[in-house]
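Keep in mind it's a predicted model, so treat the numbers as computed, not measured. Per chain, numbering begins at 1; letters A, B, ... match sequence-line order. Just so you know, these numbers use all the heavy atoms, side chains as well, and skip hydrogens, waters and symmetry mates.
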Number of protein chains: 2
Amino acid sequence: MNGATETIDARLPRYEQIRESLRMRISNGEWKPGTALPAETELAEQYGVALGTMRKAIAMVVEDGLVERAHGKGTFVRSEMQHASMFRFFRFRENPQGEALTVPHTVIHDMREVTLEPEIGERLHAGRSRRGIFLLRTRRFADGPGLLERIWLPFQPFKSLLKIRPEQFGDLLYPFYREHCGIAITRASETISFGGLTKEDALLLDMAQGDPVAVIERTAFSLEGEAVEFRITQGDARKFYYNVEIR
Amino acid sequence: MNGATETIDARLPRYEQIRESLRMRISNGEWKPGTALPAETELAEQYGVALGTMRKAIAMVVEDGLVERAHGKGTFVRSEMQHASMFRFFRFRENPQGEALTVPHTVIHDMREVTLEPEIGERLHAGRSRRGIFLLRTRRFADGPGLLERIWLPFQPFKSLLKIRPEQFGDLLYPFYREHCGIAITRASETISFGGLTKEDALLLDMAQGDPVAVIERTAFSLEGEAVEFRITQGDARKFYYNVEIR
DNA sequence: CAGTGGTCTAGACCACTCC
DNA sequence: GAGTGGTCTAGACCACTGC
């Protein structure tokens, strides 16, 4: 369903094949987040390659963000629940110096199955299907309203979410995707722009119609490289800061 | 003056030492942009290391963005004048689909030696010195005013810029820094926010006081890792799009 | 064809962590 | 001291480019 059973292209270099294999084994839960993989020497034996090749494959999985290596300790599957990675894709700040990131309190206002509009469907790996899931939520920081998010998901790997009551959703969706749908988000693409609030959106954010907002459109990708989430986030432009490291 | 003559820390791994050496040799102009480095086998011989070590060192310089490798052809010094890299740090767009990026026409309104204010000086590697250079310029796209930029540089490596008449500046500063001051920009950090125009700035942008603008603060770093430029760019928020790939 | 970078091997030794 | 990852070697062979 999510590509884990596909065969690996034998024309690729060995280290690429092993990288894919490791990604699948991690994705399938063979090694749980926080636990260690076997030592590189043992993995090299398992795969029947030299140490150098094995090390190259592991290095790529490190670059993919799936595991971390610690000299003298081992190679560990990254758990997405850790603080550092929780905010990997969450970059609003309340103020420029505000390093004290707290998880915002989240309220889900709407969740339902929808027919994906073409503009949205094109951005998701939903196959031929137009079936999707739509979520509308707000995320509030300590000092009041913060963000308004519209989220679209393809129906197929996410349908189990519909059985969960909105109150039971956590404040962070990505760990939720992983636990309930087996989807790990590893990469995303964001576009930032500027806009004005509609009347309805203004109500949800305790702001006024036409107030300036930052708009972030994000497409998030699974381990297998498929676009599995599209979301549009809006928040008060006057409180918006976004930092990027280039190159 | 810019660290090229520093000795390389012998406690570092060989491939790190070689990486530094390659960076310096490129930075010193031993191999010009667009030309090829010696073959990896020859470099390995020069440095007296095994091929694998040499390859690792070169791989790091590739990651640094200094060279590109082409199978069967060679290892080439990247020329910053090429289209792709010209816009590496320049991410305004006129519209979301606008892939047809043209170099904006640039006008320098002011250039002078200044005493750096503490907030600015802290962000630059200016040593103990408070001496700096300030530039004010606008960059116009085909359909009218675009960006307003304030740029601060430490006096020391950039003082030769003051001898150049503003009309002789090109539309792109980074190649200019390289040619006249021997400073290659390889990395930058940007923070995006939104604000309103002051009366004076509005005049320069043909906009009105209080109009919404995107504000990008950028700190740019040299090959040696020193902060050598701080700039604040403002542009019409309604025309602003900024794309980021995460992880 | 010669010359380049890309893959891969089978070892050796070092540095770090934890018991 | 046992086990882990990090560095490094000295080869072999393959794949691509350009003459």
Side-chain angles (χ1 to χ4, degrees), chain A residues 7-23 25-26 30-79 82, chain B residues 7-23 25-26 30-79 82:
Chain A
T7 52
I8 295 172
D9 191 338
R11 293 167 304 185
L12 292 173
R14 291 275 257 279
Y15 67 81
E16 284 283 6
Q17 299 175 37
I18 295 172
R19 169 200 199 174
E20 269 310 302
S21 169
L22 291 173
R23 287 163 65 130
R25 293 172 76 177
I26 292 166
E30 179 170 341
W31 302 299
K32 303 290 179 198
T35 66
L37 269 58
E40 58 186 22
T41 49
E42 190 191 322
L43 283 172
E45 212 171 314
Q46 273 187 29
Y47 283 104
V49 296
L51 239 188
T53 305
M54 194 64 229
R55 283 184 59 77
K56 176 140 189 173
I58 296 174
M60 311 219 56
V61 183
V62 170
E63 274 190 27
D64 291 336
L66 288 178
V67 300
E68 288 170 326
R69 309 201 81 179
H71 194 174
K73 295 172 77 174
T75 304
F76 300 87
V77 179
R78 280 180 58 167
S79 52
Q82 281 164 7
Chain B
T7 51
I8 295 172
D9 191 339
R11 295 167 304 183
L12 291 172
R14 291 275 257 279
Y15 68 80
E16 284 284 5
Q17 299 176 37
I18 296 172
R19 170 200 199 175
E20 269 310 301
S21 169
L22 291 174
R23 285 162 65 131
R25 293 172 76 176
I26 291 166
E30 179 169 342
W31 303 299
K32 302 290 180 200
T35 65
L37 269 59
E40 56 186 21
T41 49
E42 191 191 322
L43 283 172
E45 212 170 316
Q46 275 187 27
Y47 284 104
V49 295
L51 239 189
T53 304
M54 195 63 229
R55 282 183 61 76
K56 176 140 190 173
I58 296 174
M60 311 220 55
V61 183
V62 170
E63 274 188 27
D64 291 337
L66 290 178
V67 301
E68 287 170 329
R69 307 201 82 178
H71 194 175
K73 295 171 79 175
T75 303
F76 300 87
V77 179
R78 279 179 59 168
S79 51
Q82 282 165 8

Partner residues of A/Arg19 under the side-chain contact (heavy atoms from CB on, under 4.5 Å) criterion, sequence neighbours left out: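 Listed in chain order: A/Glu16, A/Arg23, A/Met60, A/Val61, A/Asp64.
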Pairs in or reaching into residues 44-56 of chain A: which pass salt bridge (Lys or Arg N to Asp or Glu O under 4.0 Å), with residues at least two apart or in two chains? A/Glu40-A/Arg55
For B/Gly52 and for B/Ala39, find the nucleotide of DNA chain C with the closest heavy atom, then tell me which residue's nucleotide is more 5'.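 Nearest-nucleotide comparison on DNA chain C picks B/Ala39.
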Within the 4.0 Å heavy-atom criterion, would you say [X] contacts the bases, only the backbone, or no part of the nucleic acid?
{"X": "B/Arg55", "value": "base"}
{"X": "B/Thr41", "value": "nothing"}
{"X": "B/Ala70", "value": "sugar-phosphate"}

Take atom CD of B/Glu40 and atom P of C/dC8, then tell me their distance rounded to the nearest Å. 15 Å
Taking atom C1' of D/dT9 as reference, at what distance in whole Å does atom CG of A/Leu51 sit?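 So the two atoms are 14 Å apart, to the nearest Å.
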Holding to side-chain hydrogen bond (donor to acceptor under 3.5 Å, both in side chains), I want the full list of residues that pass it with A/Tyr47, two or more places apart in sequence or in another chain. A/Ser21, A/Arg25
Across all chains, not counting sequence neighbours, the side-chain hydrogen bond (donor to acceptor under 3.5 Å, both in side chains) partners of A/Thr53 are none
For A/Glu42, give me all partners under salt bridge (charged side-chain N to carboxylate O under 4.0 Å, His left out), at least two apart in sequence or on another chain.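 Testing A/Glu42 for salt bridge (charged side-chain N to carboxylate O under 4.0 Å, His left out), a comparison that skips the adjacent residues, returns none.
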Reading nucleotides 14-19 of chain D 5' to 3', which nucleotides get B (base under 4.0 Å from a protein heavy atom), which S (sugar-phosphate only), which -? -BBSS-
